[in-house]
Number of protein chains: 2
Amino acid sequence: MVQRGRRAVRVSGDERQDAILVTAEQLLGTRAFDDISIEDLARGAGISRPTFYFYFASKDDVLLALLDRVIAEVERRVGELPRDFEGDPAGSWTRSIGMFVEVFVSHRGVSIAAIAARARNNEVRALWSRAMQSWAEFSTDVILSERARGAAPHGIDAGDLAVSLNLMNERVITAALNRETPAIGESRALDVLSTIWIRSIYGSDNPSRQ
Amino acid sequence: MVQRGRRAVRVSGDERQDAILVTAEQLLGTRAFDDISIEDLARGAGISRPTFYFYFASKDDVLLALLDRVIAEVERRVGELPRDFEGDPAGSWTRSIGMFVEVFVSHRGVSIAAIAARARNNEVRALWSRAMQSWAEFSTDVILSERARGAAPHGIDAGDLAVSLNLMNERVITAALNRETPAIGESRALDVLSTIWIRSIYGSDNPSRQ
DNA sequence: GAAACAGTCAACACCGTGTCGAACCCTTGG
DNA sequence: CCAAGGGTTCGACACGGTGTTGACTGTTTC
């Protein structure tokens, strides 16, 4: 969209909406969500504060849209994941977990803000909750089929195990992204998480291949 | 402190301070920290809003004081814990984890609020961080001595393992307290967590007794 | 060319936080 | 006994962020 002569060409609504999202993700790279005001987002998108409300109902709404994109990316990549749990159980789990780590690391600001926003915002909570449930379900299914083929021991409920491990990943990754103390460095996280998943699912470091 | 005649006896500063803390913990049982205003705390303690500031610098300061008590309780009970990892490894870990679950369940509101407040408040973050570090250190030491006596396999760094497991506990317990979806019910959490700890520390469900 | 529509923003109302200064006790020592 | 001084209290204010309103400006459609 080029300016012609002196006259500014009117920018379309979609571009404005996008400009707000871009500004938000960018600002989230440098400061916390709470430290970004609607004024900041509006200014970044080249509009006034009231106009912001024409595009989003609230600041949380912007975060929700960003989170939606991140989750969509994860879902897409979950679908594309090569699955060979019978032939290479350890490698398959590691690849799955690695994908999560990659996506969240590449959207660090949004991930951190969204996970923190869960506590106060119902929609963010619901969105994240739905995603977690789908990941936990995926894990549960794999654990059950590993048990069915005799590769993994029975014992605790597979669903409970899957949920706990997924929650662990969420927390360990968040701690790494936030550079908390204590935390596992981003580079070592994948290795540690995989080991815990494999040991607690198979009861051993070397799950049998088919 | 009894009232004599018509005249109200002046209440001491310590009692006021305590009244604020009591009000806060009580209100946290019914609503989220963000939904409690300083006005609410002041009213609950029978004082005006400006007077609140005489006792605490901010709302977060109140939470910090409450969290401090909870952590102190955990530390005290960690010290009182019977330790017999060589004679009964599984039972010893389960008792440790069970203690954490108990304390956090019994201070549900404070725990949830404090863990959420970490994201925005440096002092809360530092306090929690120090506590987590001390628990992770305790876990690391036990893991190392279990490895030294040949009961647990080597492999990943003991510190990383301990940190991850502690972070998992934090998250799983928080999810249970918040009644999130997905989450493990408070009653089943202990069992699931213990199993994961034991499998990932010992690589088996039945760690050898000495 | 007028009606309908998308987009924009100055001005306003509101709410919660934090501050300030003037009071109001209650001791204490002269 | 009372005056001084510290501990305590709060009305009134300033501030910053959110969300709303209503009037205005271009743009499209028939």
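- Atom CG of A:Asp60 is separated from atom P of D:dG17 by 16 Å (rounded to the nearest Å).
- A close approach under 4.0 Å does not occur between any side-chain nitrogen or oxygen of B:Tyr53 and OP1 or OP2 of D:dC10.
- Contact check on A:Arg118 versus A:Glu170 returns a salt bridge, with a Lys/Arg side-chain nitrogen under 4.0 Å from an Asp/Glu carboxylate oxygen.
- When the nucleotides C:dG18, D:dG19, C:dG7 are ranked by their closest atom to the side chain of B:Ser58, C:dG18 comes out on top.
- OP1 or OP2 of C:dT8 sits under 4.0 Å from a side-chain N or O of A:Tyr55.
- To the nearest angstrom, P of C:dG7 lies 10 Å from CZ of A:Arg16.
- Rounding to the nearest 0.5 angstrom, the gap separating the CZ atom in B:Arg49 from the CG atom in B:Asp40 is 11.5 Å.
- For B:Ser48, counting side-chain heavy atoms from C-beta on, the closest listed nucleotide (C:dA6, D:dC10, D:dG19) is D:dC10.
- Evaluation of atom-type donor-acceptor distances gives a pair under 3.5 Å for the side chain of B:Arg49 against the base of C:dG18.
- A:Thr51 has no side-chain polar atom (N or O) that falls below the 4.0 Å cut-off from OP1 or OP2 of C:dT8.
- Atom CZ in A:Phe52 sits roughly 15 Å away from atom P in C:dG7 (whole-Å rounding).
- Comparing D:dC10, D:dT9, C:dT8 by their closest approach to the side chain of B:Pro50 singles out D:dC10.
- Between the P atom of D:dT25 and the CZ atom of A:Phe54 lies a distance of 18 Å, rounded to the nearest Å.
- Within the nucleic acid shown, A:Ser37 comes within 4.0 Å of sugar-phosphate atoms alone, with no base atom in reach, counting heavy atoms only.
- For the pair A:Ile36 CD1 and D:dT18 P, the computed distance is 11 Å after rounding to whole Å.
- Using a 4.0 Å cut-off between charged nitrogen and carboxylate oxygen, A:Arg130 and A:Glu75 do not count as a salt-bridge pair.
- Side-chain contact between A:Thr23 and A:Gln26 is absent, with no heavy-atom pair separated by less than 4.5 Å.
- What separates CG of B:Asp40 from C1' of C:dC15 is a distance of 13 Å, to the nearest Å.
- Each of B:Trp197, B:Trp93, B:Tyr202 was scored for a ring-ring contact (aromatic ring centres under 6.0 Å, His included) with B:Phe85, with one residue passing: B:Trp93.
- The nearest whole Å value for the distance from the CD1 atom in A:Ile38 to the P atom in D:dG16 is 17 Å.
- When the P atom of C:dA6 is taken as reference, atom CD of A:Gln17 falls 14 Å away, rounded to whole Å.
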